[in-house]
Structures are given as C-alpha cells and as structure tokens.
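Below is one structure, written out as structure tokens; the observations come after it.
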There are 2 protein chains.
Amino acid sequence: MSEYNIPSLQTLIEQFERLPSIGHKSAIRLAYHVLSLTEPEVQKFTEAITDAHKKIHRCKICCNLTDSEICPVCNDEKRDRSTICVVENPRDAIALEKTKELNVLYHVLHGVISPLSGTSPDELTIKELLGRLSDGTVKELIMATNATVEGEATAMYISKLVKPMGIRVTRLAFGIPVGGDLEYTDEVTLMMSIEGRKEL
Amino acid sequence: MSEYNIPSLQTLIEQFERLPSIGHKSAIRLAYHVLSLTEPEVQKFTEAITDAHKKIHRCKICCNLTDSEICPVCNDEKRDRSTICVVENPRDAIALEKTKELNVLYHVLHGVISPLSGTSPDELTIKELLGRLSDGTVKELIMATNATVEGEATAMYISKLVKPMGIRVTRLAFGIPVGGDLEYTDEVTLMMSIEGRKEL
C-alpha cells in the first residue's frame, strides 16, 4: 500500500512535483490537501489556474504580463516615454516600480541570454525592444537585468545593438547594499563599489 | 504596477497561498510558473487535480483513501483480520506498511480529537470503527495515533469505548528513536523509555 497504488493520486503528486521548489514530500502533502478540499474549493482552485492562464498574456508593447491588450504602464500618459527600463521578468519590473523612483516605460525580456541553459537572444523579446526604438522617441535605455553573469552578458549584448542607434544605454549601479557591512561584502561587489565611487 | 493590477493573477496567488506551507512569496512564484506553462501543460495540471479529487474517496470499510469501493488492503485475503491498526491519516498507514512488520487491517480516523482546533470525536471515523468491531472477528486494536497530546487523547478515548467489548487495545511503544542520542533526547521521551524498559 502506497500512494502509488492509486494512479490518479500518483499523477497528482507528479504534477505538483513539477512546480518550482516543490519536492517529493511537499508534493505528497499538497496532493493530500487537494483530496481534503470540498468540490467547490477544488473548482475554485482549478478555475483560478485556467482563468489566469487564459486571460494573462504579454503586453503588445512592453511584453510585460497583463490582462488587457496594452498594459497599464504603457497606457499611462504621465510616463516619461523617452526612457525604457529593460528587465528580465515581470517581478523585476514590480520591484523597481515599488521604489517609485522611475516614472518610465519598461521592457520585459522574459529571460536572459544563457548558453548554459540554452537560452539564445532569439528567445528573448529583443526584437520587440528594437522595434520600439525605431521611431526616435526613446533617448535612454536603463539596463536593469540582474547582477549575474547572464544578466551582465545580456545587458552588454543589447547595449552593443542599441548604441549605434544613438541611444544612451545606462546600467544600474553596483555597490554595497544600503545597511551592508564591508566585512561581509564579497570582493567583486567591493571592487565594483570602489570603481563606481563618487565625489562627496 | 503590481501583481494586484491583474485580478486573475491576484486570485491565482491567493489560491496558491491557501495550500499548506505555501507562503506569499512561494505563491507568487508558483503563479508566475503557471503563466509560463503551455496550454496542454495547464490542462494536464488542472485535470490531475479534478481527476484525483473525483476518483479518490474513502474505503467503505477502513476509511483509507482509495479509487475503488473497497481498498486493496481490506480486499487482501492474506491479511490477519483479527487485528486493526488505527491511524490518524492515510500517510501514517503508508509509513507503517513500509515497515512490512504488520500484516493486519487498518482504520483511518482522518484526524484526532482536538478541542483546541475544534475537532470532536463525531468528526472522526470512530462510529465506522465501532461498526467493524461488532461481529467479534477483531481481537486486537493497535492504537497507532501520533505521540502528541491529541494523538494520546484520541487513543485513550477509543480505548475506553472498545475495552468493555472485550477487545485487547495496545499502543505503539514510546522510547528513544533507533540511532538516537540520549544527550539530545527530550526528557519526556527518556522518561517513557525508562518506564517501558525491557529485560535483556
């Protein structure tokens, strides 16, 4: 006797195991939880999944996720349309929006160039980004990809494509995180913070 | 701009948050993962949920989960029908089956008596258990509820109901876990292991 004697339970566990950061034991717990739900609760859960997947798609302009044709940011007339902030994924855009520092447009790449995991530039939304730059409105691109090797490489790749178009390309500053302790900061970050030092 | 600007995404995140041991950040990650799936993948996922929930129910005899009317254990003619091992939930039965020590029938309570979380004896499958004892086949009940206050209380409660019927009621032994270190064993467990000491 095990959960594997019941094929539909086994399938459900396998499906939960496919989710990110859900291991075998968590998948079993989640599967049993689903079995303990009432019929309407299960329906609400599956409907939420189907509904979100059906309604949410990429904004025609910035490729961020939205349930309308054009996302609220691209539709916002108060935004500075001369600057586009390029991010890896929608969550990065949300994190930047929370700072309330930027009042610009975004472009979501949906990934980074990564030879190791086999993501080539064609799989990102770089073509869509270049399309947005053709009419001359955009004067600056803020590369806000992550401070990883892949994030850096992607920023460099796009920068090389865009600079010849006469558009300014900037990169988020690297340095010691605010509240950070020099003693516990890694050498590369320290090096970057020295290189990027500013006049007081 | 946040995930809350998209109602269907917000609903999906809320639904994931209802699952056990899934916090807000995990729920957001899971929701974005769902959005990244293909149409057939989403369909497989929701179908697995609906299918398992529809097909799996309680065995008519032992109340364990099964997709047939009577579960394979209750149907197994090689089982010793004079002993029933009483467990809190199906996973406990699976854990005991893995030891291959028992060749008995089970009874799944689907919970424990807990005044704090408001679970009364009526909500457990105690009535079904008593029904199984009426024909005199069962000679022993092994109380295999967890070693918690609630597990103990439930074992005591059932024991008081069953003993007058002339049925032997036993309880799993408490003691030091095999491979356990006395130094790191809690006092109550140590006390139990002294009380339950055996002649060598």
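The structure displayed is predicted, hence computed values, not measured ones. Labels below follow one simple rule: chain letters A, B, ... track the order of the sequence lines, proteins then strands, and each chain is numbered from 1.
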Is it the side chain or the backbone of B/Lys44 that comes within 4.5 Å of chain A heavy atoms, both, or neither? both
Bottom line for B/Glu39: the part with an atom under 4.5 Å from chain A's heavy atoms is both
Can B/Leu124 be reached from B/Val162 by stepping across I, L, V, M, F, W or Y side chains whose heavy atoms are under 4.5 Å apart? yes
Between B/Leu37, B/Asp51, B/Asn89, who has the most heavy-atom pairs with chain A when the cutoff is under 4.5 Å? B/Leu37
Side chain from CB out, backbone as N, CA, C, O: work out which of these in A/His53 comes under 4.5 Å of a heavy atom of chain B, or both, or neither. both
Identify the residue among B/Leu35, B/Leu12, B/Thr11 that makes a side-chain contact (heavy atoms from CB on, under 4.5 Å) with A/Ile49. B/Leu12
If you group Ile, Leu, Val, Met, Phe, Trp and Tyr by side-chain heavy-atom gaps below 4.5 Å, do A/Leu141 and A/Leu130 land in one group? yes
Measure the NE2-CD1 distance between B/His33 and A/Ile22 for me, rounded to the nearest 0.5 Å. 10.0 Å
Is atom CD of B/Glu69 surrounded by more than 12 heavy atoms (other residues, nucleotides or ligands) closer than 6.0 Å? no
With chain B, which of A/Thr50, A/Ile56, A/Leu30 has the greatest number of heavy-atom pairs at distances under 4.5 Å? A/Ile56
Can you get from A/Ile167 to A/Tyr157 by hopping between Ile, Leu, Val, Met, Phe, Trp and Tyr side chains that sit under 4.5 Å apart? yes
Is B/Phe16 reachable from B/Ile28 through a run of hydrophobic residues whose side-chain heavy atoms are each under 4.5 Å from the next? no
What closest approach, in Å, do A/Ser8 and B/Ala52 show between heavy atoms, and which atom pair accounts for it? O-CB, 3.6 Å
Ranking A/Ser68, A/Ser36, A/Ser21 by heavy-atom pairs under 4.5 Å to chain B gives rank one to A/Ser21
In this structure, OG1 of B/Thr46 is separated from CD of A/Gln15 (nearest 0.5 Å) by 9.0 Å
Hydrophobic cluster identity match, B/Leu105 and B/Met165, side-chain contacts under 4.5 Å: yes
If you draw the axis of the six-membered ring of A/Phe45, does the NZ or CZ of B/Arg18 fall within 45° of it and under 6.0 Å from the ring centre? no
For the interface with chain B, which of A/Ser26, A/Pro20, A/Pro72 has the highest count of heavy-atom pairs at distances below 4.5 Å? A/Pro20
Let's test your reading of the structure: which of A/Thr66, A/Val42, A/Leu65, A/Val34 forms the most heavy-atom pairs below 4.5 Å with chain B? A/Val42
